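Below: the structure, in structure tokens.
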Amino acid sequence: MKVFDELNPPARLLLGPGPSPVHPRVMRALGAPVLGHLDPALIRLLDDTRGLLRHVFRTSNQLTLAVSGTGMAGMESVLGSLLEPGDRLVVCAAGFFGHRMAELAGRMGVLVRKVEKEWGEVFTPEEVEAAVAAEKPKAVAIVHAETSTGALQPMDDIGAVAHRHGALLIVDCVTSLGGVPVEIDGWGADAAYSASQKCLGCPSGMAPVTLGPRAREAMKARTRPAHGWYLDLGLLERYWGEDRAYHHTISSTMVYALREGLRLVEEEGLEARWERHRVHAEMLWDGLEAMGLSLHVTNPALRVPSLTTVRVPDGVDEALVRGRLRDEYGIEIGAGLGPLKGKVWRIGLMGHGSQKANVILLLAALVDLLRRP
């Protein structure tokens, strides 16, 4: 009979596109006693979490909660709860996750019109409006911080464009929430989702979601049930809300972790946290460029502070460098996706990982590895 070793995973400094380093206080919260999903003590923590999520989303939306699952569960819950077969959706796609939204909606029977640009570019309000005016969709979906390219989508006027044509605005905030300014009410966004394992500094497993009044009306106006039962935000709201109706056995452990991560955000202050991510990102950008490397997103104003894409130098085996970085320095960074596969490295400075010491260590390690044959 095979004997299984005691669990002893290696320590890694997670500086890739996610997951990110988990704060020690969040790790301690994970060790707290498990509670039942309807225990009054857990219910109080759920209420705390909803309030903290409203703070970090910058919204007053009543329907604000965390779906049990990763960021993809957030994406699927929002699309599947708001849209039904035959609805029209405009998706702005200039990277992997814009295309993923389009693919997912298409599987639900939604009529998808993709507005496409090169990976790493962003959209103007005029480009969005042209597509919306032509298609007259039920909703417009856009990625705020594209994890595959490191491009930061300006959100000014996008909500106004959607609403002017009677459409909802859905925003992917997976890599921005907690590390980059997110203003759900200020943008006029009707629905947004994120993930716990990025700038919130928690393990993966919870997907924050928020829906505004227009989105809730769209849910009520559906002519058939939501696409999925487990990710039906109407049913989930009944558990997270006052009804406390049983839906699934939520992981109290993951609730503890998310709540503690959100408490850390509140203690630091959102503006101070955004500034920390920006300062360390600029330090990284300056260091990479001083080494002679090129950043994929050339305009600094359009770079995601929490996720940097750097071009792999000609003649360099990018996978070999990533492997040596992991094995010799204990640092994980990410590879490129889609048309950027083999062409960029993706470096994350998210949440607890956004620290000056981490930037210096990574830059020193890259100097060492890139001068080797």
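We're numbering straight along the sequence, starting at 1. What you see is a predicted model; the values in this text were computed from it and never measured. Note that these values count all heavy atoms, side chains included, but never hydrogens, waters or copies made by symmetry.
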Rounded to the nearest 0.5 Å, what separation is found between the [atom1] atom of [X] and the [atom2] atom of [Y]?
X    : Y    : atom1 : atom2 : answer
L65  : R50  : CG    : CZ    : 6.0 Å
H99  : W119 : NE2   : CH2   : 6.0 Å
Y193 : M72  : OH    : CE    : 7.5 Å
N299 : E121 : CG    : CD    : 12.0 Å
D286 : L363 : CG    : CG    : 9.5 Å
L288 : I347 : CG    : CD1   : 5.0 Å

Does atom CZ of R113 have more than 12 heavy-atom neighbours from other groups under 6.0 Å away?
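Result for CZ/R113: enclosed.
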Please say whether more than 12 non-hydrogen atoms of neighbouring residues, nucleotides or ligands are located less than 6.0 Å from CZ in R164.
yes
Looking at every heavy atom in both [X] and [Y], which two are closest together, and how far apart are they?
X    : Y    : result
G179 : H277 : O-CB, 3.3 Å
A167 : D190 : O-OD2, 4.2 Å
D185 : S60  : OD2-N, 2.9 Å
L231 : S81  : O-OG, 3.4 Å
G120 : V297 : O-CG2, 4.2 Å
P125 : I158 : CA-CD1, 4.0 Å

Check the pair W345, T309 against side-chain hydrogen bond (donor to acceptor under 3.5 Å, both in side chains), reporting the backbone distance first and the verdict last.
CA-CA 6 Å; W345 290 306; T309 44; over 6 Å; no
Same cluster or not: [X] versus [Y], using hydrophobic residues (I, L, V, M, F, W, Y) connected whenever any side-chain heavy atoms lie under 4.5 Å apart?
X    : Y    : answer
V359 : M291 : yes
F97  : V122 : no
V344 : V321 : no
Y239 : Y230 : yes
L349 : V182 : no

So, do W229 and H247 have ring centers that fall under 6.0 Å from each other?
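So the answer is yes for these two rings.
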Report the residues that fulfil salt bridge (Lys or Arg N to Asp or Glu O under 4.0 Å) with E318, sequence neighbours left out, ordered by chain and then residue number.
R322
Supply the members, apart from L320, of the Ile/Leu/Val/Met/Phe/Trp/Tyr cluster built from side-chain contacts under 4.5 Å; use none for a lone residue.
none
Which other residues belong to the hydrophobic cluster containing V304, where Ile, Leu, Val, Met, Phe, Trp and Tyr are joined when side-chain heavy atoms lie under 4.5 Å apart, directly or via other members?
L152, V180, L307, M350
Please step through side-chain contact (heavy atoms from CB on, under 4.5 Å) for the pair M75 and L79, ending with a clear verdict.
CA-CA 6 Å; M75 180 190 292; L79 295 178; 3.9 Å; yes
Acceptor/donor pairs from residues 9-21 side chains to any protein atom, 3.5 angstrom cut, sequence neighbours excluded:
{"unit_1": "S20", "atom_1": "OG", "unit_2": "Q197", "atom_2": "O", "d": "3.1"}
{"unit_1": "S20", "atom_1": "OG", "unit_2": "K198", "atom_2": "O", "d": "2.7"}

Are the side chains of [X] and [Y] in touch, meaning some heavy atoms are under 4.5 Å apart?
X    : Y    : value
L362 : N358 : no
V316 : L370 : yes
L295 : T308 : yes
I250 : V255 : yes
L169 : M155 : yes
V310 : S294 : no
L168 : H163 : no
V78  : I170 : yes

Output every pair passing salt bridge (charged side-chain N to carboxylate O under 4.0 Å, His left out) with a member in [range], not counting sequence neighbours, ordered by first then second residue.
range            : value
residues 323-347 : E328-R372
residues 71-88   : D87-K138, R88-E135
residues 294-303 : E289-R303

CA sep, side-chain torsions, deciding dist, call: R54, T49, side-chain contact (heavy atoms from CB on, under 4.5 Å):
CA-CA 9 Å; R54 291 189 188 103; T49 303; over 6 Å; no
Which pairs count as side chain to side chain donor-acceptor pair (under 3.5 Å) when at least one residue sits in residues 261-272, sequence neighbours excluded?
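Applying side chain to side chain donor-acceptor pair (under 3.5 Å) to every pair that reaches into residues 261-272, excluding sequence neighbours, yields R25-E267, R58-E271, E260-R263, E268-R273, E268-R276.
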Which residue pairs satisfy the side chain to side chain donor-acceptor pair (under 3.5 Å) criterion with at least one member in residues 141-156, sequence neighbours excluded?
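Counting only pairs at least two positions apart or across chains, the side chain to side chain donor-acceptor pair (under 3.5 Å) contacts touching residues 141-156 are H144-S176, E146-S148, T147-T175.
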Could you walk me through whether L52 and V265 satisfy the side-chain contact (heavy atoms from CB on, under 4.5 Å) test, starting with their C-alpha distance in whole Å, then the side-chain angles of each, then the deciding distance to 0.1 Å, before giving a yes or no?
CA-CA 9 Å; L52 290 163; V265 174; over 6 Å; no
Distance-only, no hydrogens or angles: does the S354 side chain make a donor-acceptor pair with backbone N or O of G351 under 3.5 Å?
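No; zero donor-acceptor contacts below 3.5 Å.
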Between R244 (side chain only) and W240 (backbone N and O only), is there a donor and an acceptor less than 3.5 Å apart?
yes
Using distance only, find each side-chain donor-acceptor pair of residues 201-212 under 3.5 Å and give its atom names and separation, not counting sequence neighbours.
{"unit_1": "T210", "atom_1": "OG1", "unit_2": "N61", "atom_2": "ND2", "d": "3.0"}
{"unit_1": "T210", "atom_1": "OG1", "unit_2": "T64", "atom_2": "OG1", "d": "2.9"}

What verdict does the side-chain contact (heavy atoms from CB on, under 4.5 Å) test give for M254 and L258, after you've listed the backbone C-alpha separation in whole Å, the side-chain angles of each residue and the deciding distance to 0.1 Å?
CA-CA 6 Å; M254 295 308 302; L258 179 58; over 6 Å; no
Per-pair distances, 0.1 Å, donor-acceptor, side chain in residues 26-44, under 3.5 Å, sequence neighbours excluded:
{"unit_1": "D39", "atom_1": "OD1", "unit_2": "A41", "atom_2": "N", "d": "2.8"}
{"unit_1": "R44", "atom_1": "NH1", "unit_2": "D48", "atom_2": "OD2", "d": "3.4"}

Quick one: side chain to side chain contact (heavy atoms under 4.5 Å, CB included) partners of P85, sequence neighbours excluded?
R224
